[in-house]
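Since this is a predicted model, take the numbers as computed values, not measurements. Residue numbers start from 1 in every chain, and the chains themselves are labelled A, B, ... in the order their sequence lines are given, proteins ahead of strands.
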Amino acid sequence: MNKKSSQPKPLGAYDHKKVEVAWQKHWSKKKTFQAQDDPKKKKFFGLIEFPYPSGDGLHVGHPRPYIGMDVIARKRRMQGYNVLYPIGWDAFGLPTENYAIKTGIQPSIVTKKNTDTFRRQIQSIGVSFDWSREINTTDPAYYRWTQWIFLQFLKKGLAYKKKMTINWCPKDLIGLANEEVVNGCCERCGTPVEKRTKEQWMLAITKYADRLDKDLDTVDFLDRIKTQQRNWIGKSEGAEIRFALKDRSEKIEVFTTRPDTLYGVTYVVLAPEHSLVSSLLASVENKAEVENYIGEVKKATDIERTDAKKEKTGIELKGIKAINPINQEEVPVWIADYVLADYGTGAVMAVPAHDERDHAFAKKYGLPVRAVIESLSSQTEGPDAVKPELPFVERRAVICIIKHWSEDKYLMSFYKANDWKGFIVGGLEGDETPASAGAREIHEETGYTSARFVRNIGKLHSKFYHQVKSVNRFAHFEIAYFELTDGKRDEVSEEEKKLHDVVWLSPQEVAAAANRADIIRAWDFFTRGTCYTGEGLLVDSGSFTGKESESSKKTITESAKGRWVTTFKLRDWIFSRQRYWGEPIPVVHCDLCGIVPVPEKDLPVKLPTVKNYKPTETGESPLAAISKWVNTTCPNCIANKKKPKYLIFDFDGVLGDTWDVMNSSKVKMGVASSIEDAQVSSLAHFEKKPMETRTENMTPEEAAKRQQWIATFGRHMAETKFGLFQGFVKELKKIKNAKLAVVSAGSAQYVLPALKKSGLKFTHILAYEDHHSKEEKVEKVCKDWGIDVTDAYYFTDTKADVLELEGIMNKDKIIGCAWGYHGFDRLKEILPEKQILLKFNDIRPVLNLDCTAKRETDTMPNWAGSSWYYLRYADPKNTKMFADPKKLDYWTPVDWYNGGMEHTTLHLLYSRFWHKFLFDLGLVPTSEPYQKRTSHGLILAAGGEKMSKSKGNVINPDSIIETVGADSLRLYEMFMGPFDQPIAWNTDNIAGVRRFIERVWKLREKVVTSETKPGTTEAKIIHKTIKKVSDDIEAMRFNTAISSLMIALNELEKNESIRQGSYEMLLQLLAPFAPHVTEELWSSLGNKDSIHASPWPVYDPTLAVESEATIMVQVNGKIRGSFVAAVDTAREELERLAQEYPEAKKWLEGKSVTKVIVVPNKLVNIVVV
RNA sequence: GGUCACGUGGCGGAAUUGGUAUACGCGUACGUCUCAGAAGCGUAUCCCGUAAGGGUUGGGGGUUCGAGUCCCCCCGUGACCACCA
């Protein structure tokens, strides 16, 4: 190849097809964009939201964020950073599964096909992703770690199962998180959501709510993103206050953010679902009505119930009274649908005077309204602002709102001296009422004679500086409403006229004109009604009367023995999906052990393959595969199999009285029921004889009942016993290493021969029975069993025996099998906690004979795999860990994460939550995953709608790349409008950027390598552009960056030639946007290394500085012309030049100049009269 | 109903801290090149007016020497939330 100094080789016409694919292959071969795990280099981790590879293929909206971040990533590389810009596939999800249902093709195959298409398409755009780190959430090697993280949540108690009513989409057959329900409909398909009860996996994100809120202060997210997250978390502080119930032990706990209004409580409301309701119901006088009401509420759908426009309904629990802890007042208790069960405590204290919802409810049901707060405002601005150094002088006063006699206008008074724009006000003299004082003031100040007092609007306290009297005034106003009946008016004194003007204004004008806090409040009261929800002065509030409400919140809470608490709107995350195409939740449900996590070494729990799957008319779900998937072994049971040393059996039940237990066991054993009488009799060890029972400890009634029972079931007992032993012994034969048995002597005659026949070698016998004498028992057992009497123990139910038993059992692990009330229940009490106690049935899984454990069939939601994927990029092939801590140390946190606004509340919050959890486990180095978060706007179809296959308005990038090339596509996507705003696609406009590229290509012909002296204009243009492009890229103002490049080109084209250095810099600035064509031109100039590895041009301010500035000349703010002056010409000089400027002179004739404003290098404004 | 954005030519959109409104691009018109067309190149392109000049950033008001930009009211569009006590 040529050296840099050699003559540039000639180029043909620009042909994007020749240029683009060739360079893409070249970069791939040279691994130009692969990140290196080299801790010595400064790193940059740029991230985009990895796509969901839908069957529709890529449309032109997808790549905009990729290209935007690509521009930044490429610039960072040129700035010398070791850049990690990775991509992968968020490939689990409903559309793929639905597609599988429709076509019968397995989701895994569909996913493979779709990712292949997406990969090809993205690669054809020339985004500088590091493809060697590609990940896929549906790859078992990936979701193994998603499952692993879930197990860590489980271990820490942050994953739990909860029976709950869930939002169920009847079309998608899927449980939805609250976040996925939009206006009561399924987020994805719009079907109205139903309620169903189901056990669901939950993740306790609420445990992190406070930190998720607080730590937003530490990251560089766009403000609107932070605001949205904060709103979603919904932190609010308030008090939990307990209302005792009259003559009852229960208490109602309420949450309120306004404990200061406690004295205004006139009733208490429970949510219809509140747990207390059912226990109160028994003693409610109107029980039937209440039950009926609750039924009605439950019937209503969520859409109906949460419709804020809907009228609130409720019903009183008659006969129940709550006691207000602050004043021991009894108030009624209601249930109502406007109270939400799952926020706060599910109960509220109602303060109708100061809460709009309570107010509406109280008005509807005739409940009392008691005002306890009066507005208090303080003037902080203007000449009336309170002067802190002066004391307050208190005074009672009136604010008069006066209506015009014929129009909808109100009288305002504009005081000239102190810029007061308000209503007529005045102090109350002597024993005047607001009505009389108001009428007097109206007459004195305005002359109107027909003011008729209508009503008091409310009270209002105000602090301000009284300019006329030169004191701080603390006024206690009554707002009085007057109407004029006519316009008759007396003459007003000259003094009053001097003080103020009187004007009539429409309601809108009043609101706009009022310029004092108290006047604005008064008007607000008048227009909005009596429910005052603001802060103010406490009245009618016991010892708190006269205090300010805001500062009394905590003290009132204390007085009421309440607690100050923080609550959140955020709910725990419903983590279960009843779908096939998601990560299986890695746990096993064992009858014996309950929920058992799959051991980490056994991960991943893979999805079952859907075999021979044929689509049906109705569209059967791949969930069918799960039916073959559920039976498994319990890992716990397998693990324990090697451990048991002792077996404890108690056969009390066999002879005893628990027929039900045996009967159910019989069925499970599957043998007893088929035994005939004849067979039973033929068995040597079985004595068929009537059931005997001892009745000496029973009451006559019990004894009679027992006799009856024996008469009915006696024969079945015998059969059952037989069957049990047969089956039992069969199982026992498989026990190899047990050492100890506990038997009941009562059953010894049947049990011991059977045990013996099994060939077991028990070393100890524990006889556990209290019916027979010790001697008889031990002797018989030992004899039958053939063991030494010293190895036998005998117990009764006394406490001493229990202790002895514990001693024998010692530290060894014990598997127990026991029945009956003497056996199982008793042993359960006495066994140390860690030992495992089993019922007879349970012995089967313990022995791993045919363990009946079932796999969890719920899968994880889509959000799971995307909650940690960025971590995997740091070390995507690791098989030991989700990522090597050293690599995480180097690469994380993500320096810049760009994504859609639609993901700010869900994905962003969820992944921050996972990250914080991993941080707490010491597995990631930072507490926040993303240092910086920006967002892009969606690309819409030409009509402004979203692009979707169903609407048929999708533009495929393939055809654009085919006709104009990837570089043109990229430039257009960046140039079309502001990056963060939604914008409609317009294919016609691509012509402009394509022309631009062609002109850059043509400019290559003018490149000269000669040593001619650099033209200053050229350097100036280039350096101005360097600055503009550099700054704009950082701020994601890609559209203006490109426009400045176009401006530069327009300028440079005018010259006969361009220096190679300048041209190269232009190419470098353009390279992040149009990587292929710039690489081609760069190479054609003899450069050996890639333009994308070249150093980003450095802005030289001295070269960009202009020597002259255009100075605008304004006369009275109007532009009258401009002149050119040297940069940094002195103000005085500019002023002089401007006044002598002929165009300006024309406008100055006959006028006198009062003022001249000079803005250096910009303008001179001459103000004339 | 609440919160937050936003409103500029025929169209997408520019406009540092308030300082030449309509940059850049599309489209359109005319010209040039051509046998012709396409592409290219050149000129023009907010409105009224021949011009001087005047008007214009959804509407109205305010602050300012000066407002697309700051403040208030109204209208409209979009996003998110929606009885959160």
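Look at the C1' atom in both B:rU69 and B:rU8: the space between them is 12 Å, to the nearest Å. For the P atoms, the distance linking B:rA15 with B:rA23 amounts to 13 Å, nearest Å. Atom name P, nucleotides B:rU43 and B:rC24: the rounded distance is 12 Å, in whole Å.
Contact annotation for A:Met976: backbone-only contact, meaning every heavy-atom pair under 4.0 Å involves sugar-phosphate atoms and none involves a base. Among the heavy atoms of the strands lying under 4.0 Å from A:Asn1165 is at least one base atom, whether or not backbone atoms are also near. A:Ile1047 comes within contact range of the sugar-phosphate backbone alone, with a heavy-atom separation under 4.0 Å but no base atom that close. Looking at heavy-atom distances under 4.0 Å, A:Val1167 makes contact with sugar-phosphate atoms alone, never a base. Residue A:Thr256 is classed as a sugar-phosphate contact, given heavy-atom separations below 4.0 Å to backbone atoms only. Residue A:Lys1002 is in sugar-phosphate contact alone, with no base atom involved, counting any heavy-atom pair closer than 4.0 Å across all strands shown. Nucleic acid contact for A:Ile1157: base, since at least one base atom lies under 4.0 Å from a heavy atom of the residue. Within 4.0 Å (heavy atoms only), A:Thr257 reaches sugar-phosphate atoms of the nucleic acid but no base atom. Residue A:Arg230 is classed as having no contact, given no heavy-atom separation below 4.0 Å to the nucleic acid. Nucleic acid contact class of A:Arg1037 (heavy atoms, under 4.0 Å, all strands): none.
B:rU20 makes up no base pair with any nucleotide shown, lacking Watson-Crick or G-U wobble contacts both under 3.5 Å. Pairing partner, B:rA14: none, since no Watson-Crick or wobble contact has both distances short of 3.5 Å.
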